[in-house]
*Asks:* 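Here's a structure for you.
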Amino acid sequence: MATILLEVATPDKGEVCKKDINMLIVRSICGELGILPKHARLLTELIPHAMRIKEGGSEVQLFVSGGFMEVTPDKITILADAAEVPDDIDVERAKAAYQRASDRLAKKDADIDTNRAEAALARAKARLLVKGVHMG
């Protein structure tokens with residue numbers, strides 16, 4: 001089965017993931033994308049989500065908080081604001097962030113930065129999804 005090289009890096013951690021994969025499923029500002037080997041060139045902005053990596057007969061997830069993805073026929077490069085493998089995600093911290101963001105959005109207070117609260121909620125949801133925890 002054909003493979004494509006996936007490289008994920010962040011400013012804080014540097015290289016988070018580097019491996020040959022069969023398929024990547026990501027969420028961009030334009031919607032969900034499936035990337036296979038020999039994909040056409042592409043440059044897009046990513047939104048916070050649980051990225052799905054297919055290799056061999058298995059699938060793993062990796063959290064990305066946003067950033068950019070460049071695709072060439074033989075390589076996928078993701079420069080993320082933050083990225084975490086499942087073992088690095090603190091479920092209790094993510095649940096607390098989810099609750100804080102939900103509470104802020106529920107108040108509908110004019111002093112609340114709605115965009116910031118929605119972004120925090122999306123990041124917390126994605127982290128929890130990677131760990132298999134479903135909230136609201």
Side-chain angles (χ1 to χ4, degrees):
M1 184 175 240
T3 62
I4 186 168
L5 178 62
L6 170 65
E7 291 183 347
V8 180
T10 70
D12 294 341
K13 295 181 182 176
E15 189 174 272
V16 175
C17 175
K18 182 177 182 178
K19 59 179 146 184
D20 289 316
I21 64 169
N22 301 111
M23 182 179 190
L24 178 68
I25 301 168
V26 296
R27 293 191 62 207
S28 77
I29 58 171
C30 299
E32 192 169 81
L33 300 168
I35 310 297
L36 295 166
K38 307 295 183 206
H39 195 283
R41 292 182 176 273
L42 171 71
L43 181 62
T44 189
E45 185 177 348
L46 299 177
I47 61 173
H49 71 288
M51 190 168 70
R52 296 169 40 207
I53 302 167
K54 295 188 178 208
E55 52 184 321
S58 66
E59 180 178 306
V60 295
Q61 293 186 337
L62 184 117
F63 164 75
V64 291
S65 69
F68 294 91
M69 176 178 71
E70 178 186 26
V71 179
T72 64
D74 58 348
K75 184 177 178 185
I76 304 166
T77 304
I78 294 177
L79 303 174
D81 301 326
E84 296 171 2
V85 297
D87 290 344
D88 291 344
I89 295 173
D90 181 335
V91 172
E92 294 310 313
R93 183 172 173 247
K95 283 181 179 178
Y98 178 93
Q99 194 59 53
R100 277 192 310 275
S102 294
D103 291 347
R104 285 188 184 127
L105 290 169
K107 288 182 182 178
K108 300 200 188 292
D109 187 342
D111 294 333
I112 300 291
D113 184 341
T114 305
N115 290 338
R116 186 173 172 193
E118 287 173 347
L121 185 64
R123 289 190 304 271
K125 275 185 179 179
R127 280 187 173 100
L128 290 167
L129 255 174
V130 168
K131 291 297 278 188
V133 178
H134 300 277
M135 303 284 289

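As the structure is a computational prediction, the values presented were derived from the model and not from experiment.
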*Asks:* Between F63 and K131, does the side chain to side chain contact (heavy atoms under 4.5 Å, CB included) criterion hold? Intermediate values first, please.
*Replies:* CA-CA 9 Å; F63 164 75; K131 291 297 278 188; over 6 Å; no
*Asks:* Looking only at non-hydrogen atoms, find the nearest pair between R127 and A94 and report the distance.
*Replies:* CB-CB, 4.2 Å
*Asks:* Let's go through K19 and V60 carefully: what are the C-alpha distance in whole Å and the side-chain angles of both, what is the deciding distance for side chain to side chain contact (heavy atoms under 4.5 Å, CB included) to 0.1 Å, and is it a yes or a no?
*Replies:* CA-CA 12 Å; K19 59 179 146 184; V60 295; 4.2 Å; yes
*Asks:* Which pair of non-hydrogen atoms, one from H49 and one from V26, has the smallest distance, and what is that distance?
*Replies:* NE2-CA, 3.4 Å
*Asks:* I'd like to know if L121 and L129 are part of one continuous hydrophobic network [Ile/Leu/Val/Met/Phe/Trp/Tyr, side-chain heavy atoms within less than 4.5 Å].
*Replies:* no
*Asks:* Under a 4.5 Å cut-off applied to non-hydrogen side-chain atoms, are I4 and I21 in contact?
*Replies:* yes
*Asks:* Which atom names give the shortest non-hydrogen contact between D81 and P11, and what distance separates them?
*Replies:* O-CD, 3.8 Å
*Asks:* Determine whether D88 and V16 make a side-chain contact, defined as any pair of heavy atoms from C-beta on separated by less than 4.5 Å.
*Replies:* no
*Asks:* Taking C-beta and beyond as the side chain, do I76 and H39 meet within less than 4.5 Å on heavy atoms?
*Replies:* no
*Asks:* Are V64 and V71 connected into the same hydrophobic cluster when the rule is that any two of I, L, V, M, F, W, Y join if their side-chain heavy atoms are below 4.5 Å apart?
*Replies:* yes
*Asks:* Testing the basics here: between V130 and P86, what is the closest heavy-atom pair and its distance to 0.1 Å?
*Replies:* CG1-CG, 3.6 Å
*Asks:* Ignoring hydrogens, what is the shortest heavy-atom contact between Q61 and A50? Give both atom names and the distance.
*Replies:* OE1-CB, 3.9 Å
*Asks:* Side chains of V8 and M51, heavy atoms from C-beta outward: is any pair under 4.5 Å?
*Replies:* yes
*Asks:* Once you round to the nearest 0.5 Å, how far does OG1 of T77 lie from CG of L43?
*Replies:* 10.5 Å
*Asks:* Among residues at least two apart in sequence or on other chains, which ones pass salt bridge (Lys or Arg N to Asp or Glu O under 4.0 Å) with E118?
*Replies:* none
*Asks:* Show the nearest heavy-atom pair for residues R41 and P73, with the distance to one decimal.
*Replies:* CG-CD, 4.2 Å
